[in-house]
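What follows is a short report on a single structure.
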Amino acid sequence: MSVNKVILVGNVGRDPEVRYLERNVAVANFTLATTERGYTMQNGTQVPERTEWHNIVAWRGLAELAEKYIRKGRQLYIEGKIQSRSWEKDGIKRYTTEIYAETIQLLGNRPETIEPLSTPPTYSNAYGSNGAPQQLIEQPVQSHADKFENDGTSEDDLPF
């Protein structure tokens, strides 16, 4: 058994580039920066902040989401899988590693042009039997407060 799963929370580094292929299939490419805070070790050694850049690839409905709502600086939660590929250009073999997004959740403040929601939606690609993404699914995230309001209990009813 093996698992290829990546979870990232970071900021978009550049606006998505969206292309439409045969049969109007959309594909979006953009970068996502994840940053580990710097810190000072007990012995006084300073460890600087470190930023990793990830190449994100989103297909079909997620690419359309990227085209409409994702802009440079936007904070995102992304789940997906890591995939490496190589190609040859001018006789030189080149390599890249990409994150193929399976779920994208918009985090942080929403632009004022979009109607505000209490919690940002999550978008996922559903996979068919051939492993290709098939459709966009919206799964709103429910906060803990919403759960208490919906089931008739309150925080005062909890035993802790």
Side-chain angles (χ1 to χ4, degrees), residues 2-39 47-89 92-150:
S2 62
V3 176
N4 182 354
K5 184 76 165 183
V6 176
I7 297 175
L8 300 170
V9 175
N11 296 309
V12 177
R14 63 178 162 82
D15 288 351
E17 296 174 10
V18 181
R19 300 184 321 269
Y20 285 86
L21 309 175
E22 293 177 22
R23 297 184 183 170
N24 214 25
V25 173
V27 61
N29 295 292
F30 59 94
T31 57
L32 190 79
T34 56
T35 303
E36 294 180 40
R37 288 181 167 223
Y39 58 93
V47 177
E49 181 176 272
R50 180 185 164 125
T51 301
E52 286 288 332
W53 288 93
H54 310 276
N55 296 314
I56 309 297
V57 179
W59 287 87
R60 293 179 172 76
L62 289 179
E64 292 169 10
L65 164 83
E67 185 174 40
K68 290 179 184 176
Y69 300 111
I70 296 176
R71 296 290 174 261
K72 179 179 179 177
R74 182 77 194 238
Q75 189 178 40
L76 300 177
Y77 168 92
I78 295 179
E79 284 185 33
K81 61 183 176 179
I82 193 167
Q83 195 165 335
S84 299
R85 61 183 174 91
S86 64
W87 70 97
E88 197 167 310
K89 182 178 181 180
I92 300 171
K93 193 155 189 170
R94 302 189 183 266
Y95 300 88
T96 190
T97 301
E98 299 166 316
I99 306 301
Y100 279 69
E102 296 171 351
T103 300
I104 295 177
Q105 182 175 358
L106 307 173
L107 302 176
N109 294 331
R110 301 178 70 95
E112 292 164 12
T113 57
I114 301 170
E115 198 150 316
L117 294 174
S118 58
T119 56
T122 298
Y123 298 89
S124 299
N125 275 328
Y127 287 82
S129 58
N130 63 357
Q134 299 296 314
Q135 62 185 348
L136 180 68
I137 301 171
E138 185 174 336
Q139 302 168 330
V141 178
Q142 191 176 34
S143 72
H144 293 293
D146 292 342
K147 289 178 186 175
F148 292 127
E149 290 172 14
N150 292 341

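Remember, it's a predicted structure, so these values are computed and weren't measured experimentally.
The two atoms that bring Gly73 and Asn11 nearest to each other are O-OD1, 3.7 Å, heavy atoms only. Contact between Ile70 and Pro16 at its shortest, heavy atoms only, is O-CD, 3.2 Å.
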Verdict with reasoning, Ile56 to Leu76, per side-chain contact (heavy atoms from CB on, under 4.5 Å)
CA-CA 11 Å; Ile56 309 297; Leu76 300 177; over 6 Å; no

If you apply the rule side-chain contact (heavy atoms from CB on, under 4.5 Å), what do you find for Trp87 with Thr96, and how did you get there?
CA-CA 9 Å; Trp87 70 97; Thr96 190; 3.6 Å; yes

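For Glu79, the side-chain hydrogen bond (donor to acceptor under 3.5 Å, both in side chains) criterion is met by Lys5, Tyr77, not counting sequence neighbours. A search for salt bridge (charged side-chain N to carboxylate O under 4.0 Å, His left out) contacts involving Arg14 returns Glu17, not counting sequence neighbours. Not a single salt bridge (charged side-chain N to carboxylate O under 4.0 Å, His left out) links Lys93 to another residue, sequence neighbours left out. With sequence neighbours left out, the side chain to side chain contact (heavy atoms under 4.5 Å, CB included) criterion links Ile92 to Arg94. Residues satisfying the side chain to side chain contact (heavy atoms under 4.5 Å, CB included) criterion with Ser84, sequence neighbours excluded, are Thr97.
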All N/O donor-acceptor pairs, side-chain side in residues 18-38, below 3.5 Å, sequence neighbours left out:
residue: Tyr20; atom: OH; partner: Glu67; partner atom: OE1; Å: 2.6
residue: Thr34; atom: OG1; partner: His54; partner atom: NE2; Å: 2.8
residue: Thr35; atom: OG1; partner: Thr51; partner atom: OG1; Å: 3.1

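Between the Asp15 side chain and the Lys72 main chain, a donor and an acceptor come within less than 3.5 Å of each other.
Put simply, CD1 on Ile82 and CG on Asn55 are 10.5 Å apart, with the number rounded to the nearest 0.5 Å.
Screening Val12, Leu106, Leu107 for a side chain to side chain contact (heavy atoms under 4.5 Å, CB included) with Gln75, the sole residue that qualifies is Leu107.
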